[in-house]
Structures are given as C-alpha cells and as structure tokens.
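Below, read A as the first sequence line, B as the second, and so on, with proteins coming before strands; counting in each chain starts at 1. What you see is a predicted model, and the numbers here were worked out from it, not measured in a lab.
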Amino acid sequence: MHVTLPDGKQLDLPQGATALDAAKAIGPRLAADALAATANGDLVDLMTPLPEGASITLITKKNPADAAPVFRHSLGHTLSQAVGEFYGRKGYPREAVKRGVGPSIENGFYQDFDLPEPLKEEDLPEIEAIMREIIGRNLDITRADVGKAAALEQFAYDPYKVELISELPDDEPITFYTQGDYVDLCRGPHFPNTGRLPGAFKLMSTSGAYWRGNEKNPILQRVYGVAFATQKELDEYLHNLEEAKRRDHRKLGRELELFTIDPLVGKGLPLWLPNGTILREELTRFLREQQFQRDYQGVVTPNIGNLDLFRTSGHYQNYSDSNFSPITVDDEQYMLKPMNCPFHVRIYASKPRSYRDLPVRLAEFGTVYRYEQSGELNGLTRVRGFTQDDAHIFARPDQLKTEFLSVLDLTVLVLKTFGLNDVRFRVGTRDPESDKYVGDPAQWARAERQIIEAVEEVGLPYTVEPGDAAFYGPKLDFVVKDVLGREWQLGTIQVDYNLPERFDITYTGEDGQDHRPVMIHRAPFGSLERFVGILIEHYGGDFPLWLAPRQIMIIPIADRHNAYAETLASEFKAVGMRVEVDDSTNRMNAKVRSAELNKIPVMLIVGDQEEARREVSVRERTPEGHKERKGVAFTDLLAELQERYRTRA
RNA sequence: GCUCUUGUAGCUCAGUGGUAGAGCACUCCCUUGGUAAGGGAGAGGUCGUCAGUUCAAUCCUGACCAAGAGCUCCA
C-alpha cells in the first residue's frame with residue numbers, strides 16, 4: 001500500500017501499516033517523537049492500520065495541541081484505570097467498578113462509572129495522584145482486535161459494556177485498548193504510551209449522568225477532567241473559570257442590586273430591583289427607538305388568554321409539558337401565555353387588511369410564562385416568567401426576503417451596540433425523518449432556502465442544523481461569543497407559514513382575492529432577562545455609561561462642599577442623567593472606594609478648588625483601572641457626559 | 001423532573017448535643033479629609049421549614065422548601 005505525505009511524496013508501506021510504520025520509514029527521530037497522526041484529515045493513532053492511499057500527517061511533541069482529542073481520550077482511560085485502582089485499594093474486586101462511556105470533550109474528558117460506593121469530590125486529588133503514577137509507569141498503550149464472543153466474555157461482569165458490545169455488528173472485529181492491566185472497549189484513537197501524556201490536566205468535578213443520556217436509565221457517576229498540551233493553557237483555562245466566577249451574573253446581580261429571586265414569590269420568577277430595572281428600561285428604550293425607525297407599531301396584550309386561542313395556535317397541544325396548567329374561570333379555561341404570537345395574530349385579524357398595508361409589524365415587550373423543569377432554572381438566564389422583545393411581521397410572500405434582511409440588519413446593529421461582534425448564525429431546519437413538524441414540506445423548503453439566501457447576503461458565518469427548527473417553521477438563532485469566548489444563544493428569527501393558516505388570516509390582493517400572509521417572529525435580545533444576564537457577565541458589571549444604573553457619583557471632600565455637589569447633581573438630573581451625592585460622613589478615600597466597588601463609571605470629586613471655579617475633578621473607571629482629569633469646567637463636562645449618554649457611546 | 005452537594009446576621013463565612021460568633025455593610029458619636037477602607041460605640045439571627053430521637057437539637061434522623069453542579073429539556 002502507499003500513503004501520501006504532506007509534501008506530496010508517496011510512501012510505500014506493507015499492507016496494514018500504521019502511522020508509526022510510516023514514521024519509522026521516514027526516520028527514527030520522527031518515530032520516537034510521534035504522538036498521533038491524521039489520515040485524510042481525521043485524527044488517528046499510531047497503532048491503527050492506515051487506509052490505503054491516505055494523505056497523512058504526523059503529530060509530534062512539537063505540536064501536541066493538534067492531538068488534544070487523542071490525549072484527552074487517553075487521559076480518560078487513565079482516569080478509568082485510576083478509579084479502578086482507587087477502589088482496589090479500598091478492597092473491592094476489579095469487577096466492582098463498572099464503566100459507561102468516557103469520551104474526550106472540549107477542553108478535557110469525562111468518564112462515567114457505576115461504583116460500589118459513591119466517589120466524593122475530596123477523593124479527586126487522590127485519584128489524580130494515581131493517574132500521575134500511571135503516567136509515570138510509562139505503560140505502552142496497545143490496540144487489539146477481538147471477536148464479539150470473546151469481548152462479551154471478557155466484560156461479562158459489566159452490563160454497560162455488554163450492552164455496547166451487543167449492539168456492534170457481529171462480523172466486524174471489536175477493538176480493545178490496553179494499558180498495563182487496564183483493558184477497555186474503545187474505538188480509539190489513543191497515545192502510544194502513558195508516559196507521553198501531558199501533565200497539564202486536572203480533575204474538576206463529579207456529577208450524575210444517565211446511562212446513554214436517557215432519564216429512564218440508571219444514573220451513573222461522571223468524573224470530569226480538563227487537559228491541555230501545556231501547563232500554560234491549563235492555567236489560562238483555570239484563570240478563565242475564575243474570571244467567569246467573578247463575572248457570574250447571579251453574584252453581580254446581588255452585589256449591584258440588580259435583581260433578586262425570592263422563594264416566597266416563586267422559583268424562576270425574578271424580581272427586578274431598581275438598579276436592574278434601569279438596565280431593562282434602557283434596553284427597551286434603545287430597541288423601541290430602532291423599531292420606530294423601521295415602522296414597527298407597538299401593541300399590548302394580556303398575560304393570559306382563552307385556552308381556545310392556544311388550541312388554535314397549537315401551543316397547547318405541542319407544548320403541553322412546558323405550559324403552566326390552565327386556569328378555570330366560570331365555565332371557561334384560560335392559560336398563562338407561553339408566547340405572544342397568537343395575540344398578535346388576532347390583532348392582525350381585527351380588521352380587513354389590504355396588500356397595500358403589508359407588511360404589518362407589531363411589536364410588544366410581552367411577558368410570557370413557561371414551565372421550565374426546576375433543574376433548568378438558573379439566575380436570569382433560565383426562568384419561568386420572562387419578557388420577550390417580541391415582534392411579528394405579517395408580510396406578503398414577495399416581501400419575505402426583504403423583511404428578513406431588515407430584521408437581520410437590526411439584529412446585527414443591536415449586537416454591535418453591546419460589543420458582541422463575534423456572531424454566528426444557526427439555521428434550524430426541519431428533520432425530514434421527524435413527524436413533530438406541521439405544514440407543507442414545499443413551504444418549509446422555500447422558507448429554509450430564503451433564510452439561507454438572506455444569511456449569505458449578509459455575509460456572516462452560519463451553520464445549518466437539521467432538526468433544530470420550531471414545529472411551525474425554520475428558524476435562525478444568533479449565537480454570540482462574549483469577552484471570555486463563551487458562546488450564548490440570544491435572539492431568534494423564525495419564518496412561519498403555519499399560524500396564518502391555523503388562524504386563517506388573509507389580506508386582499510391586487511386581484512381582489514384573499515391571500516395568505518407569511519409571518520416572521522423575531523426577538524433580537526431573545527428575552528430581557530436572559531439578555532441582561534448575559535450583558536452582566538459580558539461587561540463584568542462594568543456597564544457603559546448609558547446602561548449603568550448608577551452613572552455619576554459626586555464626592556464632596558468635606559461636608560462644606562455638599563451644597564455645591566447638590567447644585568451639580570440637580571443639573572445632571574435636569575438632563576435626565578442618574579446622579580448621586582455621597583454626603584456620608586466617610587472620608588473621601590472611603591467614598592471613592594465605595595463608588596469603585598459599586599462600579600459607578602463616573603466620579604466627580606469636588607472641594608474648595610473646584611467650588612471656587614465651578615469645576616470638577618473627574619475620575620472615570622476604565623478597563624485598565626481609572627483615569628483622572630482635574631480642573632474640568634462643569635459646563636463642559638455636563639455637555640460631554642450628556643452627549644455620551646445620548647449617543648450610547 | 002432525576003443524581004449528588006449545600007442551607008448559621010443584609011453579604012462572605014467560622015462554630016458547638018447544654019438555645020451562637022467574626023469581618024464587611026447598617027445606626028449613632030468623634031473626625032472635615034484631595035483620588036480604593038480615619039477612630040469609637042451600638043443594633044441586628046426561631047441557626048431554611050415541619051416532624052422525630054433525646055432530660056436537652058442549630059448540631060443526630062426523616063420529610064418538605066430553596067440554592068449550586070451535572071444529566072434530560074428549551075416554541
């Protein structure tokens with residue numbers, strides 16, 4: 001057989017040769033340094049026969065990060081082996097530890113176990129130490145093909161492995177990987193020797209996980225680890241974790257008094273405190289302005305509606321699991337609204353519509369209620385009652401693409417305003433295999449095509465995810481990366497041919513006949529709760545001036561300056577800015593510290609010098625620390641801050 | 001919803017089978033100060049809730065409530 005090397009050279013090798021054979025054929029140094037390889041772009045290990053004619057590259061200790069999924073997988077095995085030894089030392093037989101799956105994942109690996117007694121977090125350092133011992137033993141990792149019968153016999157004690165093996169085809173060989181006395185059923189790939197595994201790993205946590213992810217199955221104990229090619233990367237990762245903790249919106253939400261969640265009110269039902277309410281109001285004001293420019297019309301609809309409304313829309317039938325139970329009043333049933341669209345459809349239907357009226361764009365900051373599983377609730381990012389920046393566009397089919405593009409444009413503008421420049425789009429399309437979708441497949445295909453055309457026109461990266469559509473139509477989700485590189489799903493745009501059908505809404509066309517409009521559902525923020533939660537973490541609580549709940553703190557140096565401070569404050573208030581005077585009996589240093597801790601972006605320090613000349617001394621928070629300007633004329637500063645607020649700079 | 005962990009003052013957290021402590025925040029007094037903590041005093045808790053064991057429970061047991069991590073889910 002032959003393989004092709006990166007420089008285009010062909011290499012002749014005996015049949016069944018592995019990447020290690022290829023490396024040896026090139027040179028002994030390379031063979032000694034090799035860790036893994038790629039064949040036709042896929043990661044492979046050094047022990048597996050290469051496919052005939054493959055283009056291969058070798059991964060060596062010079063670029064170990066390229067083999068990250070491989071060493072993470074091998075570390076997973078090493079974890080598995082270490083846990084076996086850990087229970088062995090406690091006196092359990094080796095059969096007592098049963099194993100689920102253990103793949104490599106982003107940044108690390110995990111392994112599921114069925115253990116004779118639960119593993120505690122305190123045990124992790126000891127297990128990690130055993131892992132390092134195993135690495136120190138320099139065990140060769142070998143690969144072997146075994147027949148199905150022999151495989152079943154070898155793992156007879158482990159029902160999970162038996163289940164996995166049973167499902168493999170009868171005629172194909174089953175691969176085992178062995179390191180020392182540890183053997184596991186595994187497809188690979190793996191490192192050639194435990195001694196080559198990087199030391200930059202750490203066991204992080206344990207948790208429960210259902211066998212094969214199905215909640216009807218037994219729960220296994222999962223151990224998570226992170227692993228990198230170098231200590232530097234591991235340190236960076238751990239530092240980012242710390243940073244994420246520091247920015248946690250639940251923590252900042254409490255410290256900055258943005259919101260609270262009170263068990264007496266109900267879980268998943270956040271209370272917006274005065275400071276958080278300012279954030280919300282600034283966001284809605286911003287979006288209202290943008291929507292006004294784009295000819296949206298505001299509407300307001302109630303929080304509950306007749307059950308028949310939701311029967312007609314299909315929400316009652318299709319989402320029965322995640323609706324709040326209906327409320328019976330007199331002889332009628334009502335439901336808390338899980339979506340605003342049925343109400344907007346009825347507003348559309350409230351009068352005859354001409355083709356000249358379309359598109360009709362109805363917008364509402366509408367609060368909806370969904371019964372999320374209690375384990376899913378999380379701060380502001382996953383709640384049971386939330387306000388969508390919702391709008392529904394009723395358009396003629398020929399207007400769909402223009403409207404869709406205009407919505408995309410608005411969305412990109414919104415995200416850029418918050419410095420969320422790293423955006424990708426996810427097109428959720430229908431899974432032809434599934435029957436959860438309603439409507440005509442031809443219409444689906446048309447809508448999917450139009451979405452993809454629109455996204456391509458905008459030129460931003462996108463992926464297509466079959467099976468990710470809503471039941472009534474394809475959708476486009478926006479996924480942004482925040483400053484820490486974490487991905488968040490924000491708003492969504494959905495094309496809907498179904499609801500107009502279900503509610504039988506029409507418009508009169510040029511031809512005098514009734515025609516069916518198409519609907520676009522869209523929410524650039526998604527929900528205000530979630531968006532604010534993400535913004536808190538994105539900014540780490542350091543909001544730009546226009547969003548900051550507390551914009552300006554005036555700090556009199558001594559209390560004889562309080563009156564002057566108050567006159568300045570009233571001028572800021574007159575132009576609608578949020579200002580306070582710190583007239584506490586603290587010293588100035590403590591006042592500065594307090595304003596810093598409260599992340600107030602602008603501090604104005606006023607003493608004798610400032611008062612005499614109607615000046616202020618400005619201290620502003622910056623990402624690097626702070627910036628001071630002394631002897632600034634107050635009228636200039638007022639104009640400057642007012643302009644920054646107005647332009648949302 | 002499931003598994004595990006946690007629940008002590010507004011916040012962060014010590015602690016004990018004999019009904020509780022620190023720091024910060026808060027209130028008051030002194031201090032009138034120049035860019036991240038001046039000093040002193042005081043107030044503040046049914047130790048998540050309800051049962052049980054015990055002479056005695058914040059501590060042990062159970063149930064419930066809530067939170068956290070993970071799994072499953074997300075129009």
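Projected onto RNA chain B by closest heavy-atom contact, A:Tyr369 and A:Ser205 fall at different nucleotides, the more 5' of which corresponds to A:Ser205. Position along RNA chain B of the nearest nucleotide to A:His521 versus A:Gly375 favours A:Gly375 as the more 5'-ward residue.
Distance from the side chain of A:Arg250 is smallest to B:G68 among B:A36, B:G68, B:A75. When each of B:C30, B:G34, B:A75 is scored by its nearest atom to the side-chain atoms of A:Thr585, the top-ranked nucleotide is B:C30. Listed nucleotides B:A36, B:A75, B:G34 differ in distance to A:Met588; the shortest reach to its side chain belongs to B:G34. Across B:A75, B:A66, B:G33, the shortest atom-to-atom separation from the side chain of A:Ile557 is found for B:G33. With distances taken from any side-chain atom of A:Ala558 to the nucleotides B:C71, B:A75, B:U32, the minimum falls on B:U32. Looking at the side chain of A:Glu596, the nearest of the listed nucleotides B:A36, B:A75, B:C71 is B:A36. Checking B:G1, B:A75, B:G33 against the side-chain heavy atoms of A:Arg587 singles out B:G33 as nearest.
With hydrogens and angles left out, the side chain of A:Ser322 and the base of B:A75 share a donor-acceptor pair within 3.5 Å. Residue A:Tyr210 places a side-chain atom within donor-acceptor reach of the base of B:C2, judged by atom type and a 3.5 Å distance cut-off alone. On a pure distance criterion of 3.5 Å, a polar donor-acceptor pair joins the side chain of A:Arg619 and the base of B:A36. With hydrogens and angles left out, the side chain of A:Arg382 and the base of B:C73 share a donor-acceptor pair within 3.5 Å. Remark: the A:Glu372 side chain and the B:G1 base include no donor-acceptor N/O pair separated by less than 3.5 Å.
Between A:Asp308 and A:Arg311 there is a salt bridge, since a side-chain N of the basic residue sits under 4.0 Å from a carboxylate O of the acidic one. Note on A:Glu596 versus A:Arg621: salt bridge recorded, some NZ/NE/NH1/NH2 to OD/OE distance being below 4.0 Å. Of the charged side-chain nitrogens involved, at least one lies within less than 4.0 Å of a carboxylate oxygen, so that A:Glu167 and A:Arg212 count as a salt-bridged pair. Using a 4.0 Å cut-off between a side-chain N of Lys or Arg and a carboxylate O of Asp or Glu, A:Glu620 and A:Arg629 qualify as a salt bridge. Checked for salt-bridge contact, A:Glu501 and A:Arg516 meet the test: a charged N lies under 4.0 Å from a carboxylate O.
Looking at heavy-atom distances under 4.0 Å, A:Arg560 makes contact with sugar-phosphate atoms alone, never a base. At the heavy-atom level, A:Asp608 lies under 4.0 Å from base atoms of the strands shown. Base contact: A:Glu610 has a heavy atom under 4.0 Å from a base atom. Note on A:His561: nothing from the nucleic acid sits closer than 4.0 angstrom, heavy atoms only. Using a 4.0 Å heavy-atom cutoff across all strands shown, A:Asp559 reaches at least one base atom of the nucleic acid. At a threshold of 4.0 angstrom between heavy atoms, the contacts of A:Asp262 with the nucleic acid are absent. Heavy atoms of A:Gln494 sit under 4.0 angstrom from primed sugar atoms or phosphate atoms, though from no base atom. Among the atoms of the strands shown, only primed sugar atoms or phosphate atoms (P, OP1, OP2) are found under 4.0 Å from some heavy atom of A:Lys475.
Remark: C1' of B:C74 and CD of A:Gln373 are 9 Å apart, rounded to the nearest angstrom. Following rounding to the nearest Å, A:Gln111 (CD) and B:G70 (P) show an atom-to-atom distance of 19 Å. For A:His249 and B:G68, the NE2 to C1' distance is 13 Å, given to the nearest whole Å. Going from atom CZ of A:Phe386 over to atom P of B:C74 covers 14 Å, rounded to whole Å. Atom CZ of A:Arg530 and atom P of B:A75 are 12 Å apart (whole Å). The distance from atom NZ of A:Lys267 to atom P of B:G1 is 5 Å, rounded to the nearest whole Å. Atom pair A:Arg254:CZ and B:C13:C1' shows a separation of 13 Å (rounding to whole Å applied). Between A:Lys245 atom NZ and B:G68 atom P there is a gap of 14 Å when expressed in whole angstrom units.
Separation of the C1' atoms belonging to B:U8 and B:G23 is 15 Å when rounded to the nearest angstrom. If you take atom C1' in B:U58 and the same atom in B:U19, they sit 8 Å apart, rounded to whole Å. Between B:A36 and B:A9, the distance separating the two P atoms is 33 Å to the nearest Å. B:A37 and B:A75: their P atoms are spaced 50 Å apart (whole Å). B:C55 and B:A63: their C1' atoms are spaced 26 Å apart (whole Å). On the P atoms, B:G45 is 14 Å away from B:C11, given to the nearest whole Å. B:C59 and B:G52 have their C1' atoms separated by 15 Å, with the value rounded to a whole Å. Straight-line distance between the C1' atoms of B:C26 and B:G33: roughly 23 Å, to the nearest whole Å.
For A:His521 and A:Tyr472, the distance between ring centers is under 6.0 angstrom. The aromatic ring centroids of A:Phe572 and A:Phe634 lie less than 6.0 Å from each other.
Across all strands shown, B:G10 is found opposite B:C24 as a Watson-Crick or G-U wobble partner, with both distances under 3.5 Å. When both pairing distances are held under 3.5 Å, B:G18 makes a Watson-Crick or G-U pair with B:C55. Across every strand in view, B:G34 sits unpaired, with no contact that passes the Watson-Crick or G-U test at under 3.5 angstrom. The base-pairing partner of B:C64, taking Watson-Crick or G-U wobble contacts with both distances under 3.5 Å, is B:G48. In this structure B:C2 sits in a base pair with B:G70, meeting the Watson-Crick or G-U test at under 3.5 Å.
Ring-to-base geometry does not place A:Tyr224 in a stacked arrangement with B:G70 (centre distance under 5.5 Å, plane angle under 30° required).
For B:A69, one of the phosphate oxygens OP1 or OP2 lies less than 4.0 angstrom from a side-chain nitrogen or oxygen of A:Asn378.
Just one of A:Lys337, A:His344, A:Arg346 meets the side-chain hydrogen bond (donor to acceptor under 3.5 Å, both in side chains) condition when paired with A:Thr301; it is A:Lys337.
Within a 6.0 Å radius of CD in A:Glu257, no more than 12 heavy atoms belonging to other residues, nucleotides or ligands are found.
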